[in-house]
Amino acid sequence: MYNPKSSKAEEFIAHEEVLASLEYGEKNKSNVEEIDRILNKAREKKGITHREAMVLLDCDIEEKNQEIYALAKEIKEEFYGNRIVMFAPLYLSNYCINGCEYCPYHARNKHIARKKLSQEEIVKEVTALQDMGHKRLALEAGEDPVNNPIEYILECIQTIYGIKHKNGAIRRVNVNIAATTVENYRKLKEAGIGTYILFQETYHKENYEKLHPTGPKHDYAYHTEAMDRAMDGGIDDVGLGVLFGLNNYRYDFAGIIMHAEHLEAAKGVGPHTISVPRLRRADDIDPDVFDNGISDDLFAKIVACIRIAVPYTGMIVSTRESAETRKKVLQLGISQISGGSRTSVGGYVEEEPEEENSAQFDVSDRRTLDEVVCWLMEMGFVPSFCTACYREGRTGDRFMKLLKSRQIVNCCHPNALMTLKEYLEDYASPKTKEIGEALIQKELNVITNPKVKEKTAEYIANIHNGQRDFR
Ligand code: SAM
């Protein structure tokens, strides 16, 4: 039963309420009056309900769709400016006891090379990532209590934060591992993780159970309530996501907006990020068997409608998407992207021989980090390697307050420019450096507080003279 006051995610994201919102979207998709009402509410930039978001997603009036895209762009610019946060995934282990039908790590896959990084290998992988310029990682691992217990993950985090690099440390480790207990979330919090990321894959319980026929991930309620437990364990920042392509996109769109509403209602703070992965070809998996694929245009519409529905939530797109698709969605709401990614275990130190194939899925955007950084700047974006919020305790509702106060321009923008300057000094190719230096000079003028502007210019000069790791 749908109970909007329920503190349990599974009761909040109830099947009948998802169906009711699908019906509401279908009924109102050409209803100009209702679409205008929703757009006017959305223009207040405080979000809209899942039912209202569904109407915008379903809207079939071209002129209104253009208004939706324009509003998504406006919200993106107002809350996140032109900064794009950069990160890289790091695959720790592909041992897995689950049976996910779409993932090559599934336990039935006997020909995939199973690998788990040792602590020495982690130092090498992370050093390779730092040599590229990365400061923020997302750890990825299969679920296997024997090969990858929580102690292993904690040890990896400790190793990573302890690595000394001439250009500064890894500053934020986000973690994408299987649903676990409050006690384990508490341990992850104590280990100093940034965001805990877990994709729901699909909110459709029956299909979820079919897609996860075996292993601990089969338990829909345990998976769906993972973020509640993570927050109970003290983790402020959680990242939601659904894997588009597995299930009807409208159902999962309503589900993810409801999940965000649930966290806001039950925990007082919504998700820190929403990821929008799309299913990719992978070893032992043929995405063509899943007949829920979505077109690039539809994908862009989903991003725009999420942006409007939850304006305070960061949005992530990975290298599963091509440069062309990434370009489109960057304008509409995406605030974080990965660059130079490898999805194989140990892939940053050594490109994997074809026969081993430990990769999770095929990467579409195969450009180097430098190429991605240069490309972003050519489009007028400021690539940011910033993690200052996390280091200064601005997580959860404290981060949301900063975002809502619109003071981000005097806080995030200086930090983004300083970390970009570090990147340009330490890693950039001559072309990237030239474009970046000009961009920094231009973007200093965006800072409205004169004192902050002056201080930022001073720090940037100090970085040029060799200082690193400003807070
Ligand atoms: N093992 C953890 C779990 O089950 O949640 C998290 C790590 S898993 C490496 C990260 C995500 O990759 C999954 O949640 C899934 O959404 C995504 N994924 C799996 N197979 C994929 C595929 N073929 N194409 C694109 N993404 C995929």
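We count residues from 1, following the sequence as given. Order of listing sets the numbers, starting from 1, for every ligand and every atom in it. Atoms considered below: every heavy atom in the structure, side chains included; atoms not considered: hydrogens, waters and symmetry mates.
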Min N/O separation [X] to ligand 1 under 3.5 Å:
X	value
Y91	no
E140	no
A141	yes

What atoms in ligand 1 come closer than 4.0 Å to a heavy atom of A178?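 Every atom of ligand 1 under 4.0 Å from some heavy atom of A178: 2 (C).
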Options [options], ranked by nearest heavy atom to [atom], top entry:
atom	options	value
atom 26 (N) of ligand 1	R280, E201, R281, R320	R320
atom 3 (C) of ligand 1	K217, R278, E143	K217
atom 27 (C) of ligand 1	T343, L198, L243	L243

Could you check whether any heavy atom of P277 sits closer than 4.0 Å to an atom of ligand 1, since that is the contact criterion I want to use? no
Hey, does C100 sit under 4.0 Å from ligand 1 if you only count heavy atoms?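 Contact check C100 vs ligand 1: negative.
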Between the side chain of Y312 and the main-chain N/O of V269, is any donor-acceptor distance below 3.5 Å?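 No.
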From CA spacing to verdict: side chain to side chain contact (heavy atoms under 4.5 Å, CB included), L117, E125: CA-CA 9 Å; L117 295 178; E125 282 284 288; 3.9 Å; yes
Is R278 positioned over the aromatic face of F299, cation under 6.0 angstrom from the ring centre and no more than 45 degrees off axis? yes
Students often mix this up, so state it plainly: with edges at 30° and 60°, are the rings of H204 and Y251 parallel, tilted or perpendicular?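 Correct class here is tilted.
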In the protein, what heavy atom is nearest to [atom], and what distance, to one decimal place, separates them?
atom	value
atom 21 (C) of ligand 1	Y102 O, 3.9 Å
atom 11 (C) of ligand 1	F199 CD1, 3.8 Å
atom 6 (C) of ligand 1	N176 OD1, 3.3 Å
atom 19 (C) of ligand 1	Q360 NE2, 3.2 Å

So, H262 and D228: side-chain donor and acceptor under 3.5 Å apart, yes or no? yes
Which residue in the set R326, R280, R320, K327 passes salt bridge (charged side-chain N to carboxylate O under 4.0 Å, His left out) when paired with D365? R326
By the definition side chain to side chain donor-acceptor pair (under 3.5 Å), identify the one residue from N207, N292, D252 that meets it with T202. D252
For the pair R51 and E17, find out whether any cationic side-chain nitrogen is under 4.0 Å from an anionic carboxylate oxygen.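 A salt bridge is present here (some side-chain N lies under 4.0 Å from a carboxylate O).
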If you measure from the Lys or Arg side-chain nitrogens to the Asp or Glu carboxylate oxygens, is any gap between D237 and R172 under 4.0 Å?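 Yes.
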